[in-house]
Structures are given as C-alpha cells and as structure tokens.
Amino acid sequence: GIFYGILLTAVISMNLAILNILPIPALDGGHLLFLLIEKITGRPVNEQVAEKIMTVFFALLIALLVFVLFNDIYVLVQPLFTK
C-alpha cells in the first residue's frame, strides 16, 4: 500500500544520501574532503589539481556505472543463450 511506497522512497533517499557523502572527489563528499584538506593545510587546494582529480574520479564513476549496466544486462540475457 501507500505505507510501503513511502518506506521505499525513504530507504532510497537515505541510500542516496549515504553514497553521496562518501569522500569520492566526483561526489559531494569529495568537496568536503577538499575543504578538510584546506582546513588542515591552511591553504586551498590548487584549483587545477582539484579539477583534474574530480575529472579522473568522475570518469571512474562513469566506468563503474557502465560495468554494472553491462553486467546486469549480461545476467538477464545469458539464460537465453544457454538453452
């Protein structure tokens, strides 16, 4: 019913919040990590270095997304060809 729909929405929202706060530079946690580094060192991280790090990690995140997508498709299609 409606309760389970709301519960599912809450679980998905909490899962997204937890994953988004991870210290991966392409996510919000990465921005927090750069702010923490700035607080510890007393000077901001070089903008070009931060941009390059974020670009690399964003590419890795997209590669992971593509890998998971192809893996899911393979698991769905594989039984069709094993008969």
A.B. asks: Please list every donor-acceptor pair under 3.5 Å in which a side-chain atom of residues 41-70 meets a protein atom from a residue at least two apart or in another chain.
C.D. replies:
residue : atom : partner : partner atom : Å
T41     : OG1  : I37     : O            : 2.9
T41     : OG1  : R43     : N            : 3.4
T41     : OG1  : R43     : O            : 3.0
N46     : OD1  : Q48     : N            : 3.3
T55     : OG1  : E51     : O            : 2.8

A.B. asks: Determine whether F81 and I73 fall in the same hydrophobic cluster, where Ile, Leu, Val, Met, Phe, Trp and Tyr are linked whenever their side-chain heavy atoms lie under 4.5 Å apart.
C.D. replies: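 Yes, same cluster.
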A.B. asks: Can I get a per-line list of side-chain donor-acceptor pairs under 3.5 Å for residues 3-27, giving both atom names and the distance, sequence neighbours left out?
C.D. replies:
residue : atom : partner : partner atom : Å
T9      : OG1  : G5      : O            : 2.8
N20     : ND2  : D28     : OD2          : 2.9

A.B. asks: Output every pair passing side-chain hydrogen bond (donor to acceptor under 3.5 Å, both in side chains) with a member in residues 59-71, not counting sequence neighbours, ordered by first then second residue.
C.D. replies: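 Residue pairs passing side-chain hydrogen bond (donor to acceptor under 3.5 Å, both in side chains), neighbours aside: none found.
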A.B. asks: Can you name the residues that form a side chain to side chain contact (heavy atoms under 4.5 Å, CB included) with L35, not counting sequence neighbours?
C.D. replies: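 With sequence neighbours excluded, L35 shows a side chain to side chain contact (heavy atoms under 4.5 Å, CB included) to L32, E38, given in chain and number order.
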A.B. asks: Which ILVMFWY residues are connected to Y74, directly or by a chain of links, through side-chain heavy atoms under 4.5 Å apart?
C.D. replies: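 Members besides Y74: none; it forms no cluster.
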